[in-house]
Every structure is written in C-alpha cells, then in structure tokens.
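A, B, ... follow the sequence lines: proteins, then strands. Residue 1 opens every chain. Remember, it's a predicted structure, so these values are computed and weren't measured experimentally.
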Amino acid sequence: MASHPMTPNSWHRNREGLGIWHGRGKVAATGVGTSPTARRWDEKPETSMGALTLIAIRKAIEDAGISPSEIDGIVITPESTTGVSNDPNTPPPEGWDQVFKMVDYPQAGITRGDIDWILVNMPELTNVQFKMEGRGCMSVSFTTAAEAVARGLTHTCLVIRGWHNLAGRYYVGQGAAAGDTLAGPQKYAGLWGAPACAGTAMIFEEYCNKYGKNHDMMAPFIVEQRKNGLMNPDGFYSQHRPEMITVEDYLSGRWIAKPANIYDNDLPIQAALAVIMTTAERAKNHRPKPAYVLTHAQTRPESQGVTPTLESWERLSDKMGRMLFEGAGIGPDDLDFENMYDGFTLFHQFHLEGLRFGANGEKGRGYALDLYQEDISITGPNPVSPSGGNNGNGRTRFWNHRDSILQVQGRSPSQISKPANIGVSGSHMPHMCDSLIWSSSPD
Amino acid sequence: MAILISFDIDGTLEFGDPPGGITLEMVKRAQDLGFLIGSCSDRFPSAQKSLWEARDIQVDFVAAKHMLPDIRQRFEADIYVHIGDRDLDRQLAEQAGFQFLWDHEGEAEPWLEWVK
C-alpha cells in the first residue's frame, strides 16, 4: 500500500510556552471547493468519495483563480469515515476501472483518501512535490499544511478530506462489535456496544450536575445550528432535507444514551472539501481575500482510564485556549466568532468555555449553556458556530474550518453581522483537538 | 374494526432515505379504508408533517419513533401496527403493544385481508 509521511510530531504546537507561532500571518487559505453531498454512497464510481474529492479539488483551484500546475503540495487525511467501512482489501465495484485509474490500494478513492490515486486521476496536477498525510482529522491536515507552507516546503498546497458513508448503519457491526473476540482498549470500552455518544453523554451529565444546568438548555444552540446550516448551499440539509428543527422537535428526540438524544448526534454523509493554502505573498495574487493563519495548536488525551473525564475535558480545552492565544498573540475578547466542533453537540460548550468565548473577560467554567439562552445568532454579539457545524450540515468535521475561512474572507453564506476579523475553528473532542486561529489580516 | 398503522419513513416508505417499498398508493388505500394512519420515525415531527403535506396526505398523527406508546394512548383501535425496516422498529413496536411488520411484509398490504 502506498502511503506518504505523516505529520512530524515536532510540528504540532502541543505545549504552552512556545510563544508566537513562527508562521503567524505568513500562511493563508484562499480557494475553497466543496463537493455535492449525499446521505450514502450508491456504489456508482461517479458518486464515490474519490469522485467527490476530485470535484472539490477542481472547485478549489478554480475558486483560487490559479492554474493546477501551480499546486506543488498535497496534504490529505486518508481516513474518510469514523463509522462502518469496507475491509481494506475489498476490490472496487464493477466498472470502477473504466472510470478511474487504479493504484495498488484497492479501496483508494472508495473508503480511503489517497494522494497517488488523486494524482493519477488528475493529470493536470503536474508539479506536486510535497506530499503528506494529516492523519485522523482534517484539522491535522490544516495544521500540517500551515506548518509546511511556513517552513517553505510547499508554496501552494491542497488540503483535502473526503467522507464516505456506505449503506447500512454507521456504527453497527464495526470494530469491536464486528468480531467474535475483543482485544486492545476495546475490550474495556466496547464490549457491550455502548453507542458512540455514551462517553460524551456521561460527561455532559456530570457537567450539568456540577454547574446546575440541564439538557433542555441545549435547545437554542441546536436550533441555531440548523438555521445556520440551512443557509449553506453546500450543506447536506440545505441540499436534501431543508427542514428547520424546532425546540419541541429537539426536546422530543429519542434518547440514544441519556442525556444525549438522537438530534445531538450528527448525520453521516458523503462529501469532500479541498482548500488551497499558500504563502501570504502568493495569496495576494489569488482571487479570494486571504484568510491568514495566526497560529495552530493541538491537545491529545492524557494517560488515564478507559474513558475521558469532565476534569480532563476542562483542563485540556482550557489548555487549548491558552496555547492558541499565546501562539496568535491575542486574547479571548479578540475572537469575533467561534467554529469549534459539534459532533456531538453536547461537548461543544467545553470548547467554547476553554476559549472563554463570549465570557466578557469575567466568566470561568460553566457559563456556556447560559450563553446559549442569549443571542448566539450570526447577527448577535457572540456568534456561536456560524457554520452550523456537523449538526446543521452533516457529519464531516470540516464545515467549521471551511466557514471560518469564508467568514474572515467576508463571503460566508452565514456571514456574521459584525466584522469577522478573527475567528477560531478546531476539531474534534475537547481532550483531543487540533485548532487554528484565522484572521482577515496578517498583523 | 378500527386499525391504526404507523409507518417508519427512512427505508420503509418510498419517499424515505433510503427509499422503502411502501408506496403512497398503499398508504392512500389504507386511509380510504378508514384506517388511522401516520408516521413514527426518527425524522423530527415537524419534518414528518412537512413530508406528508408535500404529498397531499392528511395523516392522523406524526411522532418520534419512541412515542408509539403515546400514539396508542391517544387513539382507540382494535389493531395497532407499526411497519419498519430495523430491529429498533420491532423493539419499540413490541414494547408499545403494536403488531410489527417488516417493510417487505408491509408491501403485501396484509391489512387488506384483515378487513374482509
């Protein structure tokens, strides 16, 4: 199986005390390309995850107003689902090789994002020299590309992530549940098939008990997420289910792992995103306004038991906030919006509080669900998740980054009313997250 | 004899995602026979209502899937049936005291025999 180097660990800004990021304001995102979406793959080559990826790449290049030959780098997240998937050796469906050129990995373009597969199927990308895998999450690909550009390893880099969703149920019959025996960490955490949101639900419950909150207080956030997502013409819901959720709908949701209900879980879809990242100098010649990167940061779980704790989520999301502000040379009150991850919705507030977003310099932990009762819309003083996130657009982990770029470029379909000068996006969990600060200005 | 039929949507009805084998014609036929009809789905209730309205069908109820017991309480009937495509449909139907039909069994419209 062909594979390319993954991000060197030394590139990740994962501790405090590193000071201002060396690439601050020297790297920018410009072109953005988003594929059409679908609920599931219908097994036709032309609607595969790979096909969607090619569409997204071509749209990003066109959006940037550059020639494909200017692209000299690719960073991709090869994993294209967190749910059920094919065995890696599953051959492609009949007719696949009549539409796409093949590489030696049979699932390339189907269930795996693959740089070599992209290159053989996009002959117009003639000058790609830098190739790297930002594994696990597109957030890692964004931070990797930012570092690669800042380090002079690529000057015009595609950042790519595709998502596939096969027929069937997303988390049924996969991983620990698929085999006759269990090994590794799954033998402790996955034996009885707790749904994916169960860990988040337990910590959310603990959070509510600690701060005197309740699940009903999530409703305004859920409604706002869908409202923002329905403004996005590229989102799954706006394309396929343009239905607005009500507070009553949300509160009537079936418990999946109480207090997480079905509408706290994001809907798996097929989709792909490509973004051009380049030097600040070259960005001036691209068509869209540059979205400058001021810094990036990473958290990873501390060694502990089999499931995270409230304390670790609070400690690590606090650390994320401090690292981002240190690297960017800004403070919480400089954030005009936040687009942190929401899949599952019940952990969004941990990110928000770690950043002290909307805290007015006063509040500590435990205020976010109160903030949700205030004006968190795109026209208000504290726009929370203007992208609509996964909950408003379908499960991808990229709508938040995409929208942060578009917000500071001034062209988001859910553009916030106040000037969008500085914003933040990051995915995924409160204790395991890669985030970036985006700015309309390099300074 | 009063019969109430609850349809799951995705994977069961032809306008579901994925589409199922129960057609609007079948639904209308049941309604014309005087059955109480509606949907109990994981689509949120206001969306279910919109889906039926867009197809010009006035249903008697829409509800979240786990609210089948509430439907049973609200409506008096001799037979309560839920039709769906997942084990969860069967589990919730049986817990609520509904007969359960798989989507493919529903396609044969067995209820037409029940009223003879």
Side-chain angles (χ1 to χ4, degrees), chain A residues 37-44 47 84 165-173 177 193 195 197 218-219 222-223 225-227 229-230 236-258 260-270 345 391-392 394, chain B residues 6-21 38-55 57 59-74 82 84-96 98 100 102-104:
Chain A
T37 63
R39 176 75 173 95
R40 294 183 180 85
W41 186 34
D42 59 10
E43 303 213 0
K44 295 175 183 164
T47 53
V84 70
N165 186 30
L166 307 179
R169 284 295 184 269
Y170 196 69
Y171 279 131
V172 174
C197 63
M218 289 293 295
I222 301 295
V223 169
Q225 286 281 79
R226 186 59 60 93
K227 192 165 84 180
L230 288 176
F236 172 81
Y237 289 110
S238 70
Q239 291 180 349
H240 302 284
R241 297 184 189 176
E243 302 149 352
M244 189 57 203
I245 192 170
T246 66
V247 170
E248 294 71 27
D249 288 328
Y250 176 64
L251 298 181
S252 76
R254 178 165 60 84
W255 298 121
I256 301 298
K258 194 175 180 180
N261 78 17
I262 191 165
Y263 308 125
D264 291 313
N265 289 256
D266 41 336
L267 190 78
I269 61 167
Q270 293 251 134
T345 62
N391 208 247
Chain B
S6 154
F7 297 94
D8 169 46
I9 294 178
D10 295 323
T12 298
L13 290 169
E14 65 175 337
F15 57 85
D17 181 9
S39 52
C40 288
S41 157
D42 281 334
R43 296 283 190 104
F44 42 81
S46 65
Q48 293 182 44
K49 190 164 174 281
S50 302
L51 287 168
W52 288 114
E53 283 172 358
R55 287 155 184 84
I57 295 184
V59 290
D60 298 292
F61 58 89
V62 294
K65 192 178 283 188
H66 65 298
M67 298 304 286
L68 280 165
D70 181 60
I71 298 301
R72 192 181 166 102
Q73 268 197 336
R74 281 169 51 197
H82 177 68
D85 70 322
R86 296 286 162 182
D87 287 336
L88 181 72
D89 287 291
R90 183 173 65 177
Q91 182 188 358
L92 294 172
E94 289 174 356
Q95 283 173 357
F98 278 58
F100 175 72
W102 290 104
D103 50 316
H104 69 275

Practice task
For the residue pair T345(A) and N391(A), confirm or rule out a side-chain donor-acceptor distance under 3.5 Å.
Solution key: no

Exercise for the section: Determine whether the side chains of D17(B) and H240(A) contain a donor N or O and an acceptor N or O closer than 3.5 Å. Expected result: no

Problem - Best-contacting candidate, R39(A), E243(A), R241(A), against chain B by heavy atom pairs under 4.5 angstrom - result: R241(A)

Completion exercise
One option among G11(B), A64(B), P18(B) has the most heavy-atom pairs under 4.5 Å with chain A, and it is P18(B)

Fill in the blank from the handout: Applying a strict 4.5 Å limit to non-hydrogen atoms, the region of S46(B) in contact with chain A is both

Completion exercise
Whatever's closer than 4.5 Å to a heavy atom in chain A on R86(B) counts as side chain

Exercise for the section: Side chain from CB out, backbone as N, CA, C, O: work out which of these in R254(A) comes under 4.5 Å of a heavy atom of chain B, or both, or neither. Expected result: both

Completion exercise
So, the part of I245(A) with a heavy atom under 4.5 Å from chain B: the answer is both

Handout entry: Proximity of W52(B) and F15(B) rings by center, below 6.0 Å
Key = yes

Handout entry: Ring-ring centroid check F44(B) Y250(A), cutoff 6.0 Å
Key = no

Handout entry: Aromatic plane relationship, H104(B) with W102(B) - under 30° parallel, 30 to 60° tilted, over 60° perpendicular
Key = parallel

